[in-house]
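The structure under discussion appears below in the form of structure tokens.
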Amino acid sequence: EAAQRALEEAVERDPANDEALAMLALSRAAAGSGAQSLQMLNDALKQRPDSGTLHRAVGEVNVRLNRLGDAETSFRRALELSSPKGDLSGYLYAAGGLSDTLLAQGKVDEAAKVVERLSKDAPNSGLTLLIAGRVAAAQRNYPLALENLQKLLNADPDNVQVRTLVGGVNLEQGNLEQAAMNLQRALAVSPDFVPARRLLAQVQMAQGRPEAASQTLEASGADGQASPDLLLMQARAALAAGDQARATRLLEQLEAQGVPTEAARLDLASAFIQVGQPDRALQLLGAAASGEDERREQLRLVALTSKDRAAGIRALQDHASRNAGNPRAVQFAALTLAALGQVQTATTLLEKLAAAEPK
């Protein structure tokens with residue numbers, strides 16, 4: 001609040017101060033007023049359409065609002081308006097925002113092009129190494145990712161963000177002990193760094209230590225107004241530890257708090273199935289949007305089967321019949337039926353599929 005008051009005064013004194021305006025917009029967006037912040041920035045862009053600072057801020061706010069396509073457009077424009085010679089800081093900021101947004105959308109090849117550009121324009125920049133490491137990890141080129149990230153750690157061993165990224169790469173490689181060591185070192189420097197806690201909990205779950213994972217997540221505030229992914233992780237850790245009551249309570253808290261995306265809604269429905277509450281799962285799935293149709297339908301069938309085995313079997317058979325031309329749908333129905341003891345029915349479905357799809 002104090003920061004916002006100071007920034008509001010700065011903007012009032014100099015309405016054309018784009019740095020102050022951008023910081024004010026980001027401050028308001030962080031406080032939950034993303035749409036209003038975006039409007040304020042767009043109004044300013046009508047007056048100064050070539051302001052890279054404003055375009056970068058629009059990108060940041062769009063990321064916060066989960067409008068990744070719009071964010072990509074804004075960061076691309078900001079990068080066009082920036083120069084590594086005239087404004088290296090702004091140039092790197094725009095490149096970093098663009099690469100993050102591209103990776104979040106799964107556009108790894110496009111992000112790699114940003115790295116190529118940065119390697120030519122700012123080869124000695126720490127941000128170039130950071131982005132190169134993240135992109136290499138996304139490409140599953142883990143040795144290259146670690147090579148870039150290690151250069152940063154050599155210069156700054158206590159860099160929590162980089163240490164956490166290294167731990168994430170270790171986890172992807174299956175080096176659980178190394179991952180735990182790096183993540184614990186990051187938390188020793190910054191105990192409240194949530195990304196490191198989240199990753200360490202994943203490592204501990206992979207090690208078969210759900211109780212330790214629960215303890216790690218406790219410090220992230222998962223019993224308060226926590227993010228949906230943290231609450232879901234906490235519930236899964238409790239379930240793995242055999243504490244179904246706690247898992248159910250956390251899932252109910254997440255449901256009451258609200259889930260921001262359809263993917264999170266489907267994750268919540270899946271977890272409700274795991275704790276033996278198929279009715280709640282079916283309620284959630286009934287409200288899901290069409291973007292996740294295949295997964296939503298599979299979860300709906302599993303929830304129905306958990307609630308009423310006979311009805312679930314009939315629904316699975318109908319699902320296979322209606323989607324006879326979809327190998328994934330038929331395989332799902334057949335394998336689920338086999339798990340329910342309907343082996344002959346499953347075999348018949350797979351034989352028909354093999355005949356229709358010999359390859």
Side-chain angles (χ1 to χ4, degrees), residues 106 171-172 174 201-202 205-208 210 213 228-229 231-255 259-359:
L171 175 59
E172 290 291 329
Q202 290 181 33
M205 290 285 286
Q207 291 174 320
D229 61 334
L231 279 170
L232 190 61
M233 282 186 68
Q234 186 77 322
R236 287 173 172 162
L239 192 61
D243 192 346
Q244 184 159 325
R246 174 168 168 72
T248 301
R249 179 173 64 79
L250 287 163
L251 293 175
E252 289 171 348
Q253 180 182 335
L254 174 53
E255 184 180 32
V259 287
T261 65
E262 294 305 326
R265 183 186 294 274
L266 298 186
D267 285 339
L268 179 57
S270 174
F272 269 128
I273 294 171
Q274 288 181 279
V275 297
Q277 295 202 24
D279 284 333
R280 299 185 89 142
L282 287 168
Q283 290 174 0
L284 285 163
L285 294 168
S290 59
E292 297 274 352
D293 270 353
E294 184 174 12
R295 186 181 175 212
R296 181 180 66 81
E297 181 62 11
Q298 291 182 355
L299 285 170
R300 189 186 70 80
L301 289 167
V302 173
L304 180 61
T305 301
S306 301
K307 178 182 179 182
D308 184 335
R309 185 175 185 277
I313 289 173
R314 291 193 298 271
L316 285 162
Q317 292 172 329
D318 179 62
H319 181 69
S321 177
R322 286 186 292 105
N323 295 278
N326 182 343
R328 287 165 58 95
V330 175
Q331 287 182 56
F332 167 77
L335 293 172
T336 310
L337 285 165
L340 293 168
Q342 306 295 305
V343 178
Q344 187 54 55
T345 301
T347 302
T348 300
L349 286 172
L350 292 171
E351 286 174 343
K352 289 182 178 178
L353 179 62
E357 303 281 347
K359 292 185 180 180

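Note that the coordinates shown come from a computational prediction; the quantities given were computed from them, not determined experimentally. Excluded from the calculations below are hydrogen atoms, water molecules and symmetry mates; all remaining heavy atoms, backbone and side chain alike, are included.
- Asp243 places a side-chain N or O within 3.5 Å of a backbone atom of Arg246 that can act as its donor or acceptor partner.
- Counting all heavy atoms, side chain and backbone alike, Gly325 lies closest to Pro327 at O-CD, 3.4 Å.
- Between Arg322 and Asp318 there is a salt bridge, with a side-chain nitrogen of the basic residue lying less than 4.0 Å from a carboxylate oxygen of the acidic one.
- Ser321 contributes atom OG, which lies 9.0 Å from atom CG of Leu349 (distance to the nearest 0.5 angstrom).
- Summarising the geometry of Ala315 relative to Leu301, their closest heavy-atom pair is CB-CD2, 3.6 Å, with the distance given to 0.1 Å.
- With values rounded to the nearest 0.5 angstrom, Gln298 atom CD is found 11.5 Å from Leu285 atom CG.
- Side-chain atoms of Gln244 come within 3.5 Å of backbone atoms of Val275 as a donor-acceptor pair (strictly under, hydrogens ignored).
- Atoms CG and CZ, on Leu268 and Arg265 in that order, are 8.5 Å from each other to the nearest 0.5 Å.
- Put simply, the side chain of Glu262 does not reach to within 4.5 Å of the side chain of Arg296, judged on heavy atoms.
- Side chains of Pro278 and Leu304 form no contact here, defined as non-hydrogen atoms less than 4.5 Å apart.
- You'll find the side chain of Leu340 reaches within 4.5 Å of the side chain of Leu316, heavy atoms only.
- For Asp267 and Arg295, the salt-bridge test passes: some basic side-chain N is under 4.0 Å from an acidic carboxylate O.
- Atom CD in Glu357 sits 12.5 Å away from atom CG in Leu350 (nearest 0.5 Å).
- Annotation: the span from Leu254 atom CG to Arg249 atom CZ amounts to 12.5 Å, rounded to 0.5 Å.
- The heavy-atom pair separating Asn323 from Ala329 by the smallest distance is CB-CB, 3.6 Å.
- You'll find the side chain of Leu232 reaches within 4.5 Å of the side chain of Leu251, heavy atoms only.
- What you find for Ala201 and Ala213 is that their closest heavy atoms are O-CB, 3.6 Å.
- Checked against Leu231 for a side chain to side chain contact (heavy atoms under 4.5 Å, CB included), the options Arg236, Gln253, Glu255 give a single hit: Gln253.
- Atom CG of Leu337 sits about 10.5 Å away from atom OG1 of Thr348, to the nearest 0.5 Å.
- Contact between Ala240 and Met205 at its shortest, heavy atoms only, is CB-CE, 4.0 Å.
- In this structure the side chain of Thr305 never reaches within 4.5 angstrom of the side chain of Ile313, judged on heavy atoms.
- By the 4.0 Å N-to-carboxylate-O rule, Arg280 lies close enough to Glu252 to be salt-bridged with it.
- A donor-acceptor pair under 3.5 Å links the side-chain atoms of Thr336 to the main chain of Phe332, judged by distance alone.
- When all heavy atoms of Ala237 and Pro210 are compared, the closest pair comes out as O-CB, 3.5 Å.
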